[in-house]
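Positions are given from 1, in the same order as the sequence printed here. Read the numbers this way: they start at 1 and go in the same order the structure lists the ligands and their atoms.
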Amino acid sequence: MLCSHSHVSRFQAFIFLLAAAEGASAALVPWHASVVSRQEAGNNTYDFIIAGGGIAGLTVADRLTEDPSVSVLVVEAGPFDQREESVLIPGAYPPFQYFNGLESVPQEALGNRSVGTICAKVVGGGSVVNAMVYLRYAGYLIRRWSEGENFTKPDGDFAARANISWDDSVRGTSGPVKYSYPDYFYPGSANWWNAAKSIGLPIVKDPEAGNNLGIFWTPSVLDATTMTRSDARLNHYENIKVSRSNYHILASTTVSKVIFNGTRAMGVEYLASGGGDTAQVYATKEVILAAGGVHTPQILQLSGIGPQALLNDLGIAVIQDLPGVGQNLQDQSTLTIPWTFTSNVTPNSGSLDSNATYNAEQRGLYDTERTGAYTIVRSLSTNIGQLSLRLVTDDYAAIAAEARSRDPAASLPSDVDPTVLEGYKKQRELIIRQFEGQDAAVGTLHWGTSSSSLIYHLKPLSRGTVNINSTDPLASPVLDYRTATDPIDLAIYVALFRKNRELFAAPDMAALGPAEASPFGAQVRTDEEIIAVLRQQINPSNAHQCCTAAMLPRNLGGVVDSEWNVHGVEGLRVADTSYWPFQTSGAPTATTYASGEKLADVIKRDYNLTSL
Ligand SMILES: Cc1cc2nc3c(=O)[nH]c(=O)nc-3n(C[C@H](O)[C@H](O)[C@H](O)COP(=O)(O)OP(=O)(O)OC[C@H]3O[C@@H](n4cnc5c(N)ncnc54)[C@H](O)[C@@H]3O)c2cc1C
Ligand SMILES: *[C@@H]1O[C@H](CO)[C@@H](O)[C@H](O)[C@H]1NC(C)=O
Ligand SMILES: *[C@@H]1O[C@H](CO)[C@@H](O)[C@H](O)[C@H]1NC(C)=O
Ligand SMILES: *[C@@H]1O[C@H](CO)[C@@H](O)[C@H](O)[C@H]1NC(C)=O
Ligand SMILES: *[C@@H]1O[C@H](CO)[C@@H](O)[C@H](O)[C@H]1NC(C)=O
Ligand SMILES: *[C@@H]1O[C@H](CO)[C@@H](O)[C@H](O)[C@H]1NC(C)=O
Ligand SMILES: *[C@@H]1O[C@H](CO)[C@@H](O)[C@H](O)[C@H]1NC(C)=O
Ligand SMILES: *[C@@H]1O[C@H](CO)[C@@H](O)[C@H](O)[C@H]1NC(C)=O
Ligand SMILES: *[C@@H]1O[C@H](CO)[C@@H](O)[C@H](O)[C@H]1NC(C)=O
């Protein structure tokens, strides 16, 4: 989840990375306690090398290094953060300096807009910069979820007053990933909650229990003892590093390619993220890619694994022709709807910015007692609604039928590989069944309690691409989200938009005197009028990029098999959100942690490794 006010300052990020890269090369750390320099890494051979130290990468590294006989090197493009307030304190969000900004190509269904989008670039990846929403999706993998997490209950009286509910039996309390809830809410969140109830949205007892359809407080990746962020750097590295001389991180360093001997992955080539000479480091067992949904396909393509024609055009020797690499790109696009109010209640999430007295009071409360508005991620509120298509519109069956009647090929680029098309057909049918069913959310509604509401589109049928157009590993790949190129996505957006209007028109919200502001407004009425504004306003990315190295059979355009091995080569797996075939109806963080645990189990089984 992104805040509505987020902007990327590439300049800021660039300056910061340069400074951090210099700092890292100056520090020489011995062979223990784990931050290694380029020299030390280059002179070691590791059992496993992990490219990318984000949520998936650090989860797998932690679990593999439980066996003291195993050595692991994580190579991470970003620096260690400096534990800034914008990282740690929810109310001081966001830490722009660890955002890696990437511009999309013009989006044909969005008025040919090029849109700035974000990936994390820091040790800990998205978990260091994200909006802390911790939300599982469907009912499976739950065992691994509860083992990996440590939920702290809110105070009972507060929970009752705030309408926070949960089911103890599904929430883990002994794992490393801490989560809880803010201990404060803006009064307007009750208006939203009561309005949502009055239009028929059910109250979800526990969104982590396998069904998250309805309204609930969003669990937040907070350490409840300090009310600070619990990120992967802390929970899968910092808290264990003293006892693990076998767990190394090489920060501010970009993996440029996987090195092969024939079809066996032997190690990686890397260079300082600020530029410079390349060096190699070798893995005796496996290389694991965890560079995220945008950069894992980039590394694969740079390594000679991808669509053959693309590799040939760039003069890259083909190790394996895998047409699915970089295809099937999905995100969960967002729509920000501006509102004015004649009588909104204060304080609200805007008050931290507009009322210096209130801001000082709340910051004081946070600093002294770890309580108040600063326990909430800035600009957000505390509750959301997750809606199945049935909860959004009575026309759900007609929308599903229309989706089924369309030619799936029309939703993909015209030069799509036939195997990728076959895989998409399977996905499409599964997603259409979700449209007809009662299990999966297609959208999220949120009101930050101030001047905008948000809609997230969770289950797109449109598919984009991420392809390299250069052999320079420090160049960004070409990002084409192709958002809303499938018109069914717009039909679902229109329904979500109308549902949001219905919610704001319900008495509990109407009491605040809301009026949709430009470019929306009462004059925007017909589906066509709404769609025209949507094309101008949809943001293609919520930084939930996935699915660009999908876990599917090879004849369905897949890139990895069901044990995360890249098809056609040995010693190479993909751990991050790239391997998902399609988006979940949660937010990615919880699933990425849980599937990292699962993958580590599989690798430990394969090599007879021990666990703690
Ligand atoms: C601003 C923002 C807000 C978000 N809000 C939420 C939220 O509230 N809730 C939620 O569930 N999800 C949220 N997300 C999404 C979530 O954080 C990601 O989906 C998740 O981090 C994905 O995990 P991953 O392991 O696949 O990749 P990441 O955590 O992104 O890790 C990938 C890492 O690989 C590194 N890397 C990239 N290329 C290379 C290379 N060539 N060599 C070495 N390293 C490389 C990157 O620097 C990065 O650190 C948000 C994301 C962002 C950016
Ligand atoms: C290995 O160590 C030597 C001596 O410290 C150094 O000169 C060399 O550059 C290192 N190798 C790599 C690949 O970093
Ligand atoms: C977008 O660009 C394409 C190709 O240049 C063009 O055909 C199309 O008309 C443009 N669409 C809009 C809405 O401007
Ligand atoms: C779980 O988190 C709480 C709050 O930070 C902490 O007090 C407790 O020790 C943690 N439990 C475990 C097993 O780590
Ligand atoms: C909680 O629910 C009660 C009962 O429906 C309602 O009166 C109250 O306003 C709600 N409060 C919040 C913060 O949602
Ligand atoms: C590459 O693989 C071949 C065949 O397995 C082996 O003989 C050779 O030693 C390997 N080369 C390297 C550099 O490991
Ligand atoms: C600003 O915040 C203070 C402290 O909470 C409050 O007393 C005051 O009424 C607020 N002012 C406005 C204009 O909302
Ligand atoms: C690659 O594509 C980007 C647009 O995404 C463009 O700015 C850049 O110039 C292209 N690079 C090459 C080498 O073609
Ligand atoms: C793991 O153990 C099994 C059973 O003891 C053995 O057959 C297998 O070869 C071992 N695998 C590895 C990689 O050591």
Between the side chains of Asp168 and Trp166, is a donor N or O closer than 3.5 angstrom to an acceptor N or O?
yes
Please tell me whether Asp223 and Thr228 have a donor and an acceptor in their side chains that are separated by less than 3.5 angstrom.
no
Below the 3.5 angstrom mark, is there an N/O of Asn383, backbone or side chain, next to an N/O of ligand 5?
no
If you measure every N or O of Asn163 against every N or O of ligand 5, does any of those distances drop under 3.5 Å?
yes
Can the positive tip of Arg171 be found less than 6.0 Å from the middle of the six-membered ring of Phe151, inside 45° of the ring normal?
yes
Who passes side-chain hydrogen bond (donor to acceptor under 3.5 Å, both in side chains) against Gln107, sequence neighbours left out?
Asp480
I'd like to check the side-chain hydrogen bond (donor to acceptor under 3.5 Å, both in side chains) partners of Asn348; sequence neighbours left out, ordered by chain and number.
none
Give the atoms of ligand 5, by number and element, whose distance to some non-hydrogen atom of Lys197 is under 4.0 Å.
4 (C), 5 (O)
For Phe185, the atoms of ligand 5 under 4.0 Å from one of its heavy atoms are 13 (C)
Can you tell me how the ring of Tyr181 sits relative to the ring of Trp217, calling it parallel under 30°, perpendicular over 60° and tilted otherwise?
perpendicular
Using the six-membered ring wherever Trp is involved, compare the ring planes of Phe504 and Trp447 and label them parallel, tilted or perpendicular (cut-offs 30° and 60°).
perpendicular
Give the atoms of ligand 8, by number and element, whose distance to some non-hydrogen atom of Val478 is under 4.0 Å.
1 (C), 2 (O), 5 (O)
Give every pair formed by an N or O atom of ligand 7 and a protein N or O atom closer than 3.5 Å, one pair per line with both atom names and the distance to 0.1 Å, or write none.
unit_1	atom_1	unit_2	atom_2	d
ligand 7	2 (O)	Asn355	OD1	3.2
ligand 7	2 (O)	Asn355	ND2	2.4
ligand 7	5 (O)	Glu361	OE1	3.1
ligand 7	11 (N)	Asn355	ND2	2.9

From the options Ser451, Ser453, Ser450, select the one residue that forms a side chain to side chain donor-acceptor pair (under 3.5 Å) with Trp339.
Ser453
Check: Glu103 N/O within less than 3.5 Å of ligand 8 N/O
no
side-chain hydrogen bond (donor to acceptor under 3.5 Å, both in side chains): pairs with one or both residues in residues 358-368, sequence neighbours excluded:
Glu85-Arg363, Tyr184-Tyr358, Asn359-Tyr374, Arg363-Asp367
